K.L.:
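Following this message is one structure expressed as structure tokens.
Not measured: the values here are computed from a predicted model.
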Amino acid sequence: MKLRSVSALVSVFLGWVALLSGPVALAQTAKPVSEKLAEKAADRVALGDWAIDRTEVTIGQFERYVRATGTVTRAEKEGGGFEYVGGWVRRPGWSWRQPDGVPAPADLPVVHLDFAEAQAYCRWAGGRLPTGAEWQKAGFTELRDNPPAPWVKGKTYPWSTGDSPQGANTSDPDPWPRAAPAGATRQGVNGLYDMGANVWEWTTDEQGGQRRTVGGSWWYGAFNMKADVQAFKPADVYVVYLGFRCAYDLKPPGANPSKARP
């Protein structure tokens, strides 16, 4: 069974630190996220007249946005994000910077952001959050003209990872006790990562003030990876297993660019 509690996670983290060289290693783990990864732009996959991020937005990418805009998230201002432990529990100090309360690498998916915060990032990055239909089509129907084997153009798969959920980061035994780094799990339909499991993702679909989240997460079994799962959450929630990726509208070939202002 995967480690779900923060105490188990901290034990793993401290054990890893102990394998390194004492105080110097501890200081290294406490450094800000890698400047190189923080500056890395999102890798996008074009799907006709729009595109979608190949991976979930990472801590490093969100840090770049924070440095440019001065954004302070609600989790930071309101005392920490939430984790479900027999009910929702606020975790002091948990935020996009330290999703589980301990130093985190820049390539983990960014979490503890509500719908508006995720949408604001996407707008800054030149995109937007996807609709549920866009997300579902990208995640389950192979749209590339010449996909590599075993993918078949036009085929709709039962799982975002193909014919089975194998290789996704669910609650089943796997290499990742909680969230997995971007690009670490099995690459799926359209060359995308983590369209199933790892962390839930926001979409713009709305129902009574709530927004649809898709894909499931490391907390759940593979059943929540299914395309038809309808999981709506309050738009103002920010929790440890909910992240996002962005979509982008592409100009059609030959479109005239807008005239430059004088």
K.L.:
Tell me which pairs pass salt bridge (Lys or Arg N to Asp or Glu O under 4.0 Å) where either residue lies in residues 215-231, with sequence neighbours left out.
P.N.:
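Matches after skipping sequence neighbours: none remain.
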K.L.:
Look at the side-chain heavy atoms of Ile, Leu, Val, Met, Phe, Trp and Tyr, link any pair under 4.5 Å apart, and say whether W219 and V85 land in one connected group.
P.N.:
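No, W219 and V85 fall in different hydrophobic clusters.
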K.L.:
Roughly how far, to the nearest 0.5 Å, is CZ of F232 from OG1 of T213?
P.N.:
8.5 Å
K.L.:
With clusters built from Ile, Leu, Val, Met, Phe, Trp and Tyr whose side-chain heavy atoms come within less than 4.5 Å, directly or transitively, what are the remaining members of the cluster of V152, listed by chain and number?
P.N.:
W151, Y157, V189
K.L.:
Might you point out which heavy atoms bring K153 and P147 nearest each other, and give the distance in Å?
P.N.:
N-CG, 3.8 Å
K.L.:
With the 4.5 Å side-chain cut-off for hydrophobic clustering, are V57 and Y65 part of the same group?
P.N.:
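Yes, same cluster.
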K.L.:
What are the two closest heavy atoms between V229 and F223, and how far apart are they?
P.N.:
CG2-O, 3.6 Å
K.L.:
Do Y238 and T73 have side-chain heavy atoms sitting under 4.5 Å apart?
P.N.:
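No. Closest side-chain heavy atoms not under 4.5 Å.
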K.L.:
Would you compute the distance between atom CZ of R186 and atom OG of S164 and round it to the nearest 0.5 angstrom?
P.N.:
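Atom-to-atom, R186:CZ and S164:OG are 5.5 Å apart.
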K.L.:
In terms of side-chain geometry, is the basic nitrogen of D100 or R91 positioned less than 4.0 Å from the acidic oxygen of its partner?
P.N.:
no
K.L.:
Under the disulfide (SG to SG under 2.5 Å) rule, what pairs show up with a residue in residues 172-228, not counting sequence neighbours?
P.N.:
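Non-adjacent pairs meeting disulfide (SG to SG under 2.5 Å): zero.
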K.L.:
For F115 versus T203, what's the shortest heavy-atom pair and its separation?
P.N.:
CE1-O, 3.3 Å
K.L.:
With V239 as reference, evaluate Y84, W200, W94, F82 under the side chain to side chain contact (heavy atoms under 4.5 Å, CB included) test and give the passing residue.
P.N.:
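Looking at Y84, W200, W94, F82, the match for V239 under the side chain to side chain contact (heavy atoms under 4.5 Å, CB included) is F82.
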K.L.:
Going through the checks in order, is the side chain to side chain contact (heavy atoms under 4.5 Å, CB included) test met by L242 and V111?
P.N.:
CA-CA 5 Å; L242 175 53; V111 293; 5.7 Å; no
K.L.:
In the hydrophobic clustering (ILVMFWY, side-chain contacts below 4.5 Å, transitive), which residues join L250, or is it alone?
P.N.:
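Other cluster members: none.
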K.L.:
Applying side chain to side chain contact (heavy atoms under 4.5 Å, CB included), run through T58 and E63 and close with a yes or a no.
P.N.:
CA-CA 9 Å; T58 65; E63 184 182 44; over 6 Å; no
K.L.:
Under a single-linkage rule joining Ile, Leu, Val, Met, Phe, Trp and Tyr whose side-chain heavy atoms are separated by less than 4.5 Å, which residues share a cluster with V72?
P.N.:
none
K.L.:
Which disulfide (SG to SG under 2.5 Å) pairs, counting each pair once, include a residue from residues 73-159, with sequence neighbours left out?
P.N.:
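Residue pairs with at least one partner in residues 73-159: C122-C246.
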K.L.:
Show which residues join I52 in its hydrophobic cluster (side-chain heavy-atom contacts under 4.5 Å, direct or indirect), or state none.
P.N.:
V45, L47, W50, W135, F140, L143, L192, M195, V214
K.L.:
Quick one: do R211 and D236 make a salt bridge, cutoff under 4.0 Å?
P.N.:
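Judged by the 4.0 Å cut-off on N to carboxylate O distance, R211 and D236 do not form a salt bridge.
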K.L.:
By salt bridge (Lys or Arg N to Asp or Glu O under 4.0 Å), which residues pair with R144, not counting sequence neighbours?
P.N.:
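R144 satisfies salt bridge (Lys or Arg N to Asp or Glu O under 4.0 Å) with E142 only.
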K.L.:
Nearest 0.5 Å please: distance from the CZ atom of R128 over to the CG atom of D249.
P.N.:
4.0 Å
K.L.:
Please name the pair of heavy atoms, one in D53 and one in A42, separated by the smallest distance, quoted to 0.1 Å.
P.N.:
OD1-CB, 3.5 Å
K.L.:
Taking atom types as modelled, find out whether W96 and E76 have a side-chain donor-acceptor pair closer than 3.5 angstrom.
P.N.:
yes
K.L.:
Check step by step if side chain to side chain contact (heavy atoms under 4.5 Å, CB included) holds for H112 and R97.
P.N.:
CA-CA 9 Å; H112 293 302; R97 296 179 186 275; over 6 Å; no
K.L.:
Return each pair, listed once, that meets salt bridge (Lys or Arg N to Asp or Glu O under 4.0 Å) where at least one residue sits in residues 43-52; pairs must be two or more places apart or across chains.
P.N.:
D43-R54
K.L.:
Is there a donor-acceptor contact under 3.5 Å linking the side chains of Y241 and E83?
P.N.:
no
K.L.:
When rounded to the nearest 0.5 angstrom, what is the spacing between CG in L113 and CH2 in W202?
P.N.:
10.0 Å
K.L.:
Listing request: all side-chain hydrogen bond (donor to acceptor under 3.5 Å, both in side chains) pairs with a residue in residues 114-123, at least two apart in sequence or in separate chains.
P.N.:
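Listed once each, the pairs are R74-D114.
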K.L.:
Going by the side-chain hydrogen bond (donor to acceptor under 3.5 Å, both in side chains) test, which pairs reach into residues 188-199, not counting sequence neighbours?
P.N.:
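Matches after skipping sequence neighbours: E56-N198, N169-N198, T185-D194, D194-N198.
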K.L.:
For the residue pair A179 and P109, what are the closest heavy atoms and their distance?
P.N.:
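Where A179 meets P109 most closely, the heavy atoms are CB-CG, 4.0 Å.
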K.L.:
Got a second to check how far T141's OG1 is from Q136's CD, nearest 0.5 Å?
P.N.:
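CD of Q136 is found 8.0 Å from OG1 of T141.
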K.L.:
Less than 4.0 Å between a side-chain N and a carboxylate O, is that true for E206 and R212?
P.N.:
no
K.L.:
Who passes salt bridge (Lys or Arg N to Asp or Glu O under 4.0 Å) against K233, sequence neighbours left out?
P.N.:
none
K.L.:
For the residue pair W159 and A222, what are the closest heavy atoms and their distance?
P.N.:
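Nearest heavy atoms, W159 then A222: CZ3-O, 3.2 Å.
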K.L.:
Can you confirm whether Q166 is buried at CD, in the sense that more than 12 heavy atoms of other residues, nucleotides or ligands lie under 6.0 Å from that atom?
P.N.:
no
